[in-house]
Asks: 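I have a structure I would like to understand better, so I am pasting it below and will then ask my questions one at a time.
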Amino acid sequence: MKLASLDDGTRDGQLAVVSRDLSTAHIADGIAPNLRAALDDWVFIAPQLDALYRQLNDGKGDAKARRAFDFDPTQCMAPLPRASARVCGATYLHHHDLEQRALGSSLRAAWRDAPQLRQAAADGLLGPTQDLVLAREEWGIDFGAELAIVSGNLRQGATPDAALGQIRLLLLANDITLRNLAPDALAAGFGLQAKPATAFAPVAVTPDELGDAWTAAKAALPLRVRFNGNPVGTLEAGEDMTFNFAQLLSALAMTRPVTAGTIVGSGIVSNRATRRHTPGYASLAEARWIEMSAGGDAVTPFMRFGDTVRIEMLDEKGTSLFGAIEQTLRAAVA
């Protein structure tokens, strides 16, 4: 099924079920007031949401289905505006290989042996069309297309198989990085200023919506990135993913229980070029690292005020799975 959170002036929004083709929606507050509440009692709530979802798609005469309305992504918050926790992984190691190569170094072996995770802001998450508002272009503002999962409750020490059973929803995200602030944060060994608010596509989907493309806890589907209207990346999310979502979630649970409503991100999607596919990029930094590795200076600029980014994933029929993220960078008003 597909779920969204409509902006009703509250912090968590109003839960809605969205049709498979993203054309219509139905308020689900008679089942659960918001997605946080639904996740807290998922085993009981999910079948009710699924029944409404089926009615919505079938368009049959049930009174609930007759109250459907046109779905408008501009009225959406992030599907889960406040997560229980949020963690970012680094599972597309090609992205980090490129960075280290540009710096004249190599990726640490530990990154290839086990998933790397870091805490991230779990609140203030942006909706799909909300502007990205920042004060200074010179911070090196960079978009980053990634996938994420939303978990159910998971005990400490859970195996990847157990973690797989607690993957409730999938999300599509734009994980912004302030690249010129990141080196100081890394050098200090602490800090959060390089990671401002993250935006999410309007709809969260259950893994079964991917059909056969949900395989080995990966989403084997194409990801499209456009920058200022121009295509810059056509990537395959199921390829070059060193650790799958079940492994990421299990790694998070190694020393702690995981609470329902935790978001775990994959890291920026990144593919190696092959004979059949030149993927482009899902972040501006990758283009810059390639330029540096070729022996030159980085000439691709970071984002400037007024720039726009569009991120979208297509299902096996070529239609939008999550809806699109369409963000414009705006200058903060002093």
Side-chain angles (χ1 to χ4, degrees), residues 1-86 122-130 147-153 165-173 199-211 214 259-264 313 315 319-325:
M1 58 188 159
K2 299 189 176 187
L3 304 172
S5 294
L6 305 181
D7 189 353
D8 63 351
T10 67
R11 290 185 297 179
D12 296 311
Q14 189 174 37
L15 181 61
V17 173
V18 183
S19 63
R20 182 169 286 112
D21 63 3
L22 306 181
S23 65
T24 57
H26 194 291
I27 299 297
D29 58 0
I31 301 171
N34 52 61
L35 187 53
R36 282 177 63 93
L39 289 162
D40 282 341
D41 198 11
W42 187 254
V43 173
F44 177 69
I45 295 295
Q48 299 176 63
L49 293 173
D50 186 62
L52 180 55
Y53 180 64
R54 292 175 186 275
Q55 293 166 6
L56 187 61
N57 286 306
D58 291 344
K60 294 183 178 178
D62 187 276
K64 291 182 178 179
R66 290 200 301 269
R67 290 165 47 202
F69 55 89
D70 292 342
F71 179 60
D72 182 0
T74 66
Q75 301 302 310
C76 290
M77 307 168 74
L80 189 61
R82 291 189 300 153
S84 299
R86 182 165 159 257
D123 57 0
L125 305 177
L126 301 179
T129 62
Q130 282 185 266
L147 290 165
I149 59 100
V150 181
S151 79
N153 291 312
Q166 292 299 315
I167 295 176
R168 301 305 195 201
L169 298 164
L170 292 164
L171 306 169
L172 180 65
F200 289 84
V203 170
V205 308
T206 49
D208 61 298
E209 285 294 317
L210 278 65
W214 178 246
T259 303
T262 294
I263 295 175
V264 181
M313 174 165 273
D315 65 16
T319 56
S320 185
L321 182 63
F322 301 92
I325 300 168

Asks: Which pair of non-hydrogen atoms, one from A25 and one from L56, has the smallest distance, and what is that distance?
Replies: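 Heavy atoms only, the tightest pair is CA-CD2, 4.0 Å.
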Asks: So which heavy atom on P81 is nearest to which on R11, and how close?
Replies: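 For P81 versus R11, the nearest heavy atoms are CB-O, 3.4 Å.
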Asks: Roughly how far apart are F71 CZ and D21 CG, rounded to 0.5 Å?
Replies: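 Between atom CZ of F71 and atom CG of D21 there are 11.0 Å.
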Asks: What are the two closest heavy atoms between A324 and S320, and how far apart are they?
Replies: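 Shortest heavy-atom contact: N-OG, 4.2 Å.
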Asks: When rounded to the nearest 0.5 angstrom, what is the spacing between OG1 in T74 and CD in Q130?
Replies: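 If we round to the nearest 0.5 Å, T74:OG1 and Q130:CD are 11.0 Å apart.
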Asks: Under the side chain to side chain contact (heavy atoms under 4.5 Å, CB included) criterion, do I263 and I149 qualify, and how do the steps go?
Replies: CA-CA 6 Å; I263 295 175; I149 59 100; over 6 Å; no
Asks: Taking all non-hydrogen atoms of both residues, which atom of P128 and which atom of C76 are closest, and how far apart?
Replies: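 Looking at all heavy atoms of both residues, the closest pair is CD-O, 3.5 Å.
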Asks: Rounded to the nearest 0.5 Å, how far does OH of Y53 lie from CG of L3?
Replies: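 Here the rounded value is 9.0 Å.
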Asks: Mind checking the CH2-OG1 spacing from W42 to T206? Nearest 0.5 Å is all I need.
Replies: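 It is 7.0 Å, given to the nearest 0.5 Å.
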Asks: To the closest 0.5 Å, what do you measure between CD (Q14) and CD (Q75)?
Replies: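 Answer for the CD-CD pair, Q14 versus Q75, is 11.5 Å.
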Asks: Is there a side chain to side chain contact (heavy atoms under 4.5 Å, CB included) between L169 and L39 once you walk through the steps?
Replies: CA-CA 10 Å; L169 298 164; L39 289 162; 4.3 Å; yes
Asks: Given side chains that start at C-beta, do those of N34 and T10 come closer than 4.5 Å, heavy atoms only?
Replies: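 Contact flag for N34/T10 side chains = no.
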Asks: With sequence neighbours left out, which residue pairs that include part of residues 41-50 fulfil the salt bridge (charged side-chain N to carboxylate O under 4.0 Å, His left out) condition?
Replies: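 Those involving residues 41-50 are D50-R54.
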Asks: Which distance, rounded to the nearest 0.5 Å, do you find between the CG of L52 and the CD1 of I31?
Replies: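 Between atom CG of L52 and atom CD1 of I31 there are 5.0 Å.
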Asks: Under the side chain to side chain contact (heavy atoms under 4.5 Å, CB included) test against R86, which residue among V150, V264, L125 passes?
Replies: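 The residue from V150, V264, L125 that satisfies side chain to side chain contact (heavy atoms under 4.5 Å, CB included) with R86 turns out to be L125.
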Asks: Any idea which heavy atoms bring P202 and P79 closest together, and the distance?
Replies: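 Looking at all heavy atoms of both residues, the closest pair is O-CG, 3.7 Å.
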Asks: Is S84 reaching over with its side chain to a backbone N or O of A260, donor-acceptor style, under 3.5 angstrom?
Replies: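 Checking the backbone N and O of A260 against the side chain of S84, a donor-acceptor pair under 3.5 Å is found.
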Asks: With a 4.5 Å heavy-atom cut-off, do L80 and F200 have their side chains touching?
Replies: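 No; the side chains remain at least 4.5 Å from each other.
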Asks: Which of these, T24, D58, V203, sits in a side chain to side chain contact (heavy atoms under 4.5 Å, CB included) with S19?
Replies: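 Exactly one candidate clears the test, T24.
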Asks: Closest approach of A199 and I325, non-hydrogen atoms and distance?
Replies: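 Scanning both residues completely, I find the closest heavy atoms to be O-CD1, 3.9 Å.
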Asks: Restricting to pairs with a member in residues 74-83, which pass salt bridge (charged side-chain N to carboxylate O under 4.0 Å, His left out), not counting sequence neighbours?
Replies: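 Those involving residues 74-83 are D12-R82.
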Asks: Any side-chain heavy-atom pair from F322 and V205 closer than 4.5 angstrom?
Replies: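 F322 reaches V205 side chain to side chain.
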Asks: May I ask you to decide if L321's main-chain N or O and K2's side chain share a donor-acceptor pair within less than 3.5 Å?
Replies: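 Between the backbone of L321 and the side chain of K2 there is a qualifying donor-acceptor contact (under 3.5 Å).
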